[in-house]
Participant: 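Got a structure for you, questions after.
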Amino acid sequence: LEQPNLTFIKEIVGDDEAFEKSLLYIIKKEFPEEVKLFTKNFSQKKFKEASSNVHKLKHKISLLALKEGFDLASDFENELKKGNTALHYDFLEILNKIHLYLLL
Amino acid sequence: MLCIIIDDDATARLIIKQHCLNSKIINVLEEFSSAIDAIKYLNSHSVDLVYLDIHMPNFSGFDFIQTLKNPPKIILTTSDRNFALEAFEYKSVVDYLLKPISKERFEISLEKLETILAVNKPVKKHEKLSDYIYVNVDKRLVKIDIPSIYLIEAKGDYINIKTIEKNYIVHSTLKKIEDKLPSNLFFKVHRSFIINFSEIIDIEDNSVLIRQLVVPISRSNKSELMKRLNFL
């Protein structure tokens, strides 16, 4: 089962430690805010808005090298536009994995 | 080249900004999380290039392009492959980058951009250009015979103009000198090198031999170079 990791971020930043630090700082700052917004819109059944929130979260999922997670998020984003919430729990699992990883 | 970045995601903006910084040829003037703010900025500022996210709340990247009368060159950035076809329906769009953007892909994009700009540049067919160029060397204006230049190399904020007689280190850019040179005689083979066609000895793979110097050719500039050569 895939786990979040820094492989892709390291590829992007190369040897630039300051860049890596800034990138991780923004991810740690923005991720909880984006999840909060998604949860709010989803619980209010504003699925179009929630789909946009998933779209934005996809970039961070992808940065943390979760390829399968990214594919699932893309499917969820498209299904949400149609009001289909079947992938919700799978998506929450991805968010939870990232949340735990960022706590470390 | 002056650019702005438009993306509602701060991580995406940071990555593009850092890649631009490393490129040394793109200066980021501003970054915006909203396309509407960027439009306001463009009403009073001119830029050569926009890195534009497609998917933004309220006002998408495509809305942005349609709003501008004379849009600059645009490189679209997105997490989706689905918009690629639509993206290239806009004349100003020169590339389509999938996020997160790797260094390698960003560099390829810059090479593409340079080729497009070179191809779109009008060929100075009938324009009578001077046979000489004056450059500032150690507070002296020095006259250089243009045909004697065989290679110009970019070195940070300076360019090294190599002529048959001597070399001149001048505080300038390749772009500035390129505009002063006859395009039928000179060609930018790489973001750091302009060569004199008449001085080519041979071309092998991705390099060209100019006198005794091996000069790299960008992948994206090679086809244009081959088109301009008179070969069997």
Side-chain angles (χ1 to χ4, degrees), chain A residues 4-35 37-38 41 46 48-67 69-78 80-81 98 102, chain B residues 5-24 26 28 31-36 51-64 75-87 96-110:
Chain A
N5 61 77
L6 296 181
T7 322
F8 195 68
I9 288 182
K10 298 261 185 214
E11 267 178 40
I12 292 175
V13 302
D15 301 328
D16 193 336
E17 283 180 21
F19 180 19
E20 182 179 333
K21 223 172 165 181
S22 307
L23 201 52
L24 285 173
Y25 173 79
I26 297 176
I27 292 173
K28 283 181 181 175
K29 183 175 172 283
E30 282 197 337
F31 180 76
E33 294 166 4
E34 288 172 12
V35 171
L37 199 57
F38 161 75
N41 283 325
K46 291 179 180 171
K48 203 178 157 205
E49 287 83 349
S51 165
S52 275
N53 303 143
V54 174
H55 179 88
K56 200 169 172 187
L57 280 159
K58 269 165 54 179
H59 187 228
K60 292 182 178 63
I61 294 171
S62 172
L63 274 171
L64 292 168
L66 295 169
K67 199 192 164 303
F70 179 84
D71 292 340
L72 188 135
S74 295
D75 292 342
F76 185 44
E77 178 192 356
N78 290 330
L80 265 183
K81 283 180 196 160
I98 296 176
L102 294 178
Chain B
I5 302 166
I6 311 171
D7 199 310
D8 60 326
D9 185 328
T11 51
R13 292 199 303 272
L14 177 69
I15 291 170
I16 295 171
K17 201 162 71 175
Q18 194 63 31
H19 286 330
C20 289
L21 197 68
N22 293 336
S23 80
K24 295 191 173 88
I26 307 250
V28 180
E31 52 177 287
F32 301 92
S33 58
S34 130
I36 293 170
Y51 285 96
L52 176 66
D53 182 23
I54 296 176
H55 194 286
M56 287 181 287
N58 306 323
F59 205 81
S60 76
F62 291 134
D63 294 333
F64 172 85
I75 294 182
L76 290 171
T77 61
T78 176
S79 303
D80 283 311
R81 292 171 192 276
N82 308 344
F83 295 115
L85 276 179
E86 188 182 350
Y96 184 94
L97 298 177
L98 277 180
K99 293 193 280 186
I101 304 161
S102 68
K103 258 185 193 173
E104 290 71 22
R105 183 62 185 88
F106 189 87
E107 280 166 13
I108 290 171
S109 176
L110 284 187

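For the numbers below, each heavy atom of this structure counts, side chains included, while hydrogens, waters and symmetry mates do not. Naming: A, B, ... by sequence-line order, numbering from 1 per chain.
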Participant: Is there any N or O donor on one of chain B and chain A with an acceptor on the other under 3.5 Å, and could you list each such pair with its distance?
Facilitator:
residue	atom	partner	partner atom	Å
B/D8	O	A/K56	NZ	3.0
B/D9	OD2	A/H59	ND1	3.2
B/A10	N	A/E30	OE2	3.4
B/T11	OG1	A/H59	ND1	3.2
B/Q18	NE2	A/D16	OD2	3.1
B/D80	OD1	A/K58	NZ	3.0
B/D80	OD2	A/H55	ND1	3.4

Participant: Any chance you could measure B/L14, atom CG, to A/I26, atom CD1, to the nearest 0.5 Å?
Facilitator: 4.5 Å
Participant: Are any of the side-chain heavy atoms of B/I101 and A/I12 separated by less than 4.5 Å?
Facilitator: no
